[in-house]
Amino acid sequence: MDVIKTQGVTKVYNPDKIPVYALNGVDINIEQGEFTAIVGPSGSGKTTLLNIIGGLDRPSDGEVFVGGQDISQLSDNQLIDFRKEYIGFVFQAYNLIPVLTAKENVEFVMLLQKRSKEERDQRVKELMDSVGLSDKLDSRPAQLSGGQQQRVAVARALAPKPTFILADEPTANLDSKSTENLLDIMARLNKEENMTFVFSTHDQRVIDRARRVVTLVDGKISHDERRD
Amino acid sequence: MLTKLAWRNIWRNKRRTWITIASILFAVLFGSFMESLQEGAWGNMISNVVNYYMGYGQIHQKGYWEEQVIDKAFALPADKIDAIESIDEIGGVVPRLESFGLVSATNITRGALVVGVDPEAEQSMTQLADRVSEGSYLVDDEQAVLVAEGLADILKLGVQDTLVIISQGYHGVNAAGKYLIKGLVNFGSPELNKQMVYLPLKTAQDFYGADGLLTSIALKIDDQDDIDSGLAAIGEVLDTTAYEIMKWDALLPDLVQARSLDSAGNYIVYFILYSIIAFGIFGTILMMTKEREYEFGVLIGIGMRRVALSSVVWMEIILLGMLGALLGIVASTPLVWYFNQNPLRFSGNYANTLEKFGFEPIFPAAFDLSIFVVQAAIVFVITAILAIYPWLKIRRLEPVKAMRD
Ligand SMILES: Nc1ncnc2c1ncn2[C@@H]1O[C@H](COP(=O)(O)OP(=O)(O)OP(=O)(O)O)[C@@H](O)[C@H]1O
Ligand SMILES: [Mg+2]
C-alpha cells in the first residue's frame with residue numbers, strides 16, 4: 001500500500017511574469033516502511049516536493065494522495081489537522097519552540113490532539129529514551145546542541161504516531177558525528193517500528209544510508225534507485 | 001497550555017517587555033494624574049461657586065427660573081419643609097425671597113438684589129456672617145439690612161446709616177421701606193459687591209407684601225455624591241408639576257459649559273498621549289510578529305490551528321496590556337492620594353483673584369477610583385485593538401514562505 005502517491009505534480013512560481021517550474025510533472029509512489037532520500041542539485045525542487053507531499057504547499061497541477069486521500073481537496077483547517085494527525089515534520093533548523101523545554105516540545109502536538117497526560121508522559125519518556133536524551137527532558141532548545149535539537153525534533157515528529165516523517169535536509173547544520181547519530185536513530189526507528197522516512201539531503205554519507213534514492217533534476221525525477 | 005506558552009513568550013525578551021509595560025504604566029499614570037487634577041480643580045471650583053450662593057440644588061415654583069419675578073413666589077407648608085429637611089442627603093434648607101429693587105441715599109440711587117434670608121440657615125450654607133466686615137450680622141425679624149461694601153461706597157453710606165429701598169412687591173403692590181444699615185459685607189466678586197442687600201426673611205416678606213412666601217429654597221448638600229439621590233427624594237415629597245427642583249448644573253449652565261470646553265482641550269492632550277503610547281506598543285507588536293514569523297510557520301506546519309496560535313499571541317499582548325494597566329493603577333493611587341491630601345497651592349495673580357472671591361487658592365486632586373479605572377481601560381482597549389495586527393498576520397501566514405525567511 002502506498003502511503004504517498006503523486007501524479008503529474010507541477011509547481012510553477014511567478015506564473016504571470018517569468019515562470020519558474022520548481023516541479024515539472026513528478027510521479028512518485030512511496031510505500032509503508034521506506035527510507036527514502038530525495039537528492040539533487042540546489043534548486044532542483046527537493047524542498048518544494050517535500051512541502052507539497054506534506055500538505056504545507058499546494059501543487060499548481062497534479063494530484064497528491066496521502067494514505068489514499070487526495071489532500072488537494074482539503075480546506076486550510078482540514079489540512080492543518082491532517083498534518084497534525086498523519087505527518088511528522090523535521091525541518092532543517094529551528095524546529096523547536098524556544099520557550100518550551102524538550103519534553104514540552106515533544107508533547108506539544110499530542111496536547112493539540114488532546115491526548116491524556118498519562119499517554120503523553122509515557123510517549124515522551126519512550127521517545128526521549130529512543131533518541132538518547134532522557135537526561136535532557138527539562139532543557140530549553142538553547143541549552144541543547146544542534147544535533148540534540150534535531151533529535152528532539154525527530155522525537156516530536158514521531159510523538160503523534162504519524163503515517164510518515166518528512167525531513168528536509170535534517171543534517172544540513174550538523175557535524176559528522178551528530179549526523180551519524182541522528183541517522184542511526186532514524187534508521188533504527190525505520191527498522192524497528194517500520195516508520196516511513198522521506199528526507200532530502202546533499203550529504204553523501206546520508207545518501208549512502210538511504211534504501212531508496214530519488215534524484216531530482218530541474219523539477220523532474222531523473223533517477224529512482226532502490227537498494228533493497 | 002496555551003496560557004503557559006503565552007506567559008513564557010512574554011518573558012522571552014524581558015527588556016522589551018518591561019519597556020512596553022513601563023510605557024503603558026506611564027500612560028495610565030499620566031492620564032490618571034491629569035484627569036484627577038482636572039476633576040479636582042473643577043470639583044473645587046464648583047463647590048466654591050455653589051457654596052457661595054447657589055447651593056447644589058434649588059426649589060422654586062415651576063417656571064421661576066425662566067422668569068425670575070416676585071410674582072412667582074410660593075408658600076411651602078411647614079410639614080413639607082420638615083419632610084425635606086429630614087431627607088438624609090439634605091443637610092439643610094435655605095429659604096430666600098429675592099427680587100430687584102432700587103436703593104438710595106439722599107440723592108444717589110442704584111439697582112440692587114434685595115434678598116430676604118433666614119440668618120441662621122444662610123450662615124450654615126454660605127457663611128454670610130463671616131463676610132461681615134463692619135458692624136454685625138442680622139438677627140431674625142429685625143428691621144435692619146446688610147449692604148455689600150461696594151454698594152455702600154457708591155451710596156456713600158456706612159453702618160448705622162439709613163437705606164431707602166423701593167421695589168415692586170407681590171402682585172403689583174408698592175414696596176418701600178427705610179432700614180438701618182446694621183453691617184457691611186464683603187464679596188470678592190465685584191459683581192456681587194455692587195448689588196447685594198440682605199434683610200431678615202420676615203422683614204423682606206413684609207417689605208414685598210409677600211407674607212409667608214419664598215422665591216427659592218437653596219439646598220445644602222454636603223457630599224456631592226448625594227446630590228442626585230437627594231434631589232430625587234425631594235421629588236417624592238413635592239408635587240413636581242407645581243415646583244421645579246433644579247440641580248446646580250441647570251442653575252449654572254455657563255460653568256458647565258466652561259468645564260466641558262476645558263475637557264475638550266484635554267481630550268486633545270489625551271489623544272496625543274495615547275497616540276504616542278499606541279505607536280510604541282504597535283512597534284513592539286510589529287517587531288515581535290516579524291521575529292517570530294519562522295516560528296509561526298513551524299507551529300502551523302506541525303498542526304497548530306491558526307485560531308489557536310492567534311489566541312496565544314493575542315493573550316500575550318492582552319497580558320502585557322493588563323500588567324501595564326494594573327501597575328499604572330497601582331502607581332497612580334499613591335501619587336493622586338498625595339495630591340489629594342496635599343493640594344497644589346496657587347501663588348501670584350490667580351491666587352489673589354481667587355482669594356478676593358473668598359476662595360482658598362488650592363487645587364486638590366480628585367481621588368476617584370473610577371478615574372484610574374477609566375484610564376487603565378482606555379489603554380487596555382488600545383492594546384487590545386493593536387493586538388488585531390498579529391491576528392491578521394497569522395491568518396494570512398503561509399508556513400512555507402515564513403520558513404524560507
Ligand atoms: N516562493 C518561491 N518563489 C519563487 N521561486 C521559488 C520559490 N520557492 C522556490 N522557488 C524556486 O523553485 C526552485 C526549487 O526550489 P527548491 O527550494 O524546491 O529547491 P531545493 O532542491 O530544495 O534546493 P536546495 O537544495 O537549495 O534546498 C528554485 O529554482 C527556487 O528558486
Ligand atoms: Mg531545499
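Naming: A, B, ... by sequence-line order, numbering from 1 per chain. Being a predicted model, the structure only gives us computed values, none of them experimental.
Atom NZ of Lys247(B) has more than 12 neighbouring heavy atoms from other residues, nucleotides or ligands inside a 6.0 Å radius. For Arg395(B), the CZ atom sits in a loose shell: 12 or fewer heavy atoms of surrounding residues, nucleotides or ligands are nearer than 6.0 Å. For Phe282(B), the CZ atom counts as densely surrounded, since its 6.0 Å shell holds more than 12 non-hydrogen atoms of other residues, nucleotides or ligands. No more than 12 heavy atoms of other residues, nucleotides or ligands shown are found within 6.0 angstrom of CH2 on Trp391(B). More than 12 heavy atoms of other shown residues, nucleotides or ligands fall within 6.0 angstrom of atom CD in Glu126(A). Counted within 6.0 Å of CZ on Phe380(B), heavy atoms from surrounding residues, nucleotides or ligands total more than 12; the atom is thus considered enclosed. Residue Gln122(A) places its CD atom among 12 or fewer non-hydrogen atoms of other residues, nucleotides or ligands, all under 6.0 Å distant. Under a cut-off of 6.0 angstrom, the local environment of OH in Tyr13(A) is crowded, with over 12 non-hydrogen atoms contributed by other residues, nucleotides or ligands.
For a heavy-atom cut-off of 4.5 Å, chain B lies close to Asn51(A), Leu56(A), Asp57(A) in residues 38-60 of chain A.
The minimum heavy-atom distance linking Thr101(A) with Arg8(B) is given by the pair N-NH1, 4.2 Å. Heavy atoms only, all atoms of each residue included: Tyr94(A) and Val298(B) are closest at O-CG2, 3.8 Å. Contact between Lys84(A) and Gly303(B) at its shortest, heavy atoms only, is CD-O, 3.5 Å.
Within the model, atoms CG of Leu112(A) and CD1 of Ile302(B) stand 7.0 Å from one another, a figure rounded to the nearest 0.5 Å. Here the CD1 atom belonging to Ile97(A) is positioned 3.5 Å from the CG atom belonging to Leu299(B), to the nearest 0.5 angstrom.
Of the atoms belonging to Asn77(A), heavy atoms from both backbone and side chain fall under 4.5 Å from chain B. For Glu104(A), the part lying under 4.5 angstrom from a heavy atom of chain B is the side chain only. Using a 4.5 Å cut-off between heavy atoms, Leu2(B) makes no contact with chain A at all. Contact of Leu100(A) with chain B is made through backbone and side chain together, with heavy-atom distances under 4.5 Å. If you measure heavy-atom distances from Arg306(B) to chain A, the contacts under 4.5 Å come from both the backbone and the side chain. Only the side chain of Asp76(A) comes within contact range of chain B, with heavy atoms under 4.5 Å apart.
In this structure, Leu5(B) and Phe108(A) have side chains that are in contact, with non-hydrogen atoms separated by less than 4.5 Å. With contacts defined as side-chain heavy-atom distances shorter than 4.5 Å, the pair Val109(A)/Met304(B) does not qualify.
Looking only at distances, a side-chain donor or acceptor of Arg83(A) sits under 3.5 Å from a matching main-chain atom of Ile300(B).
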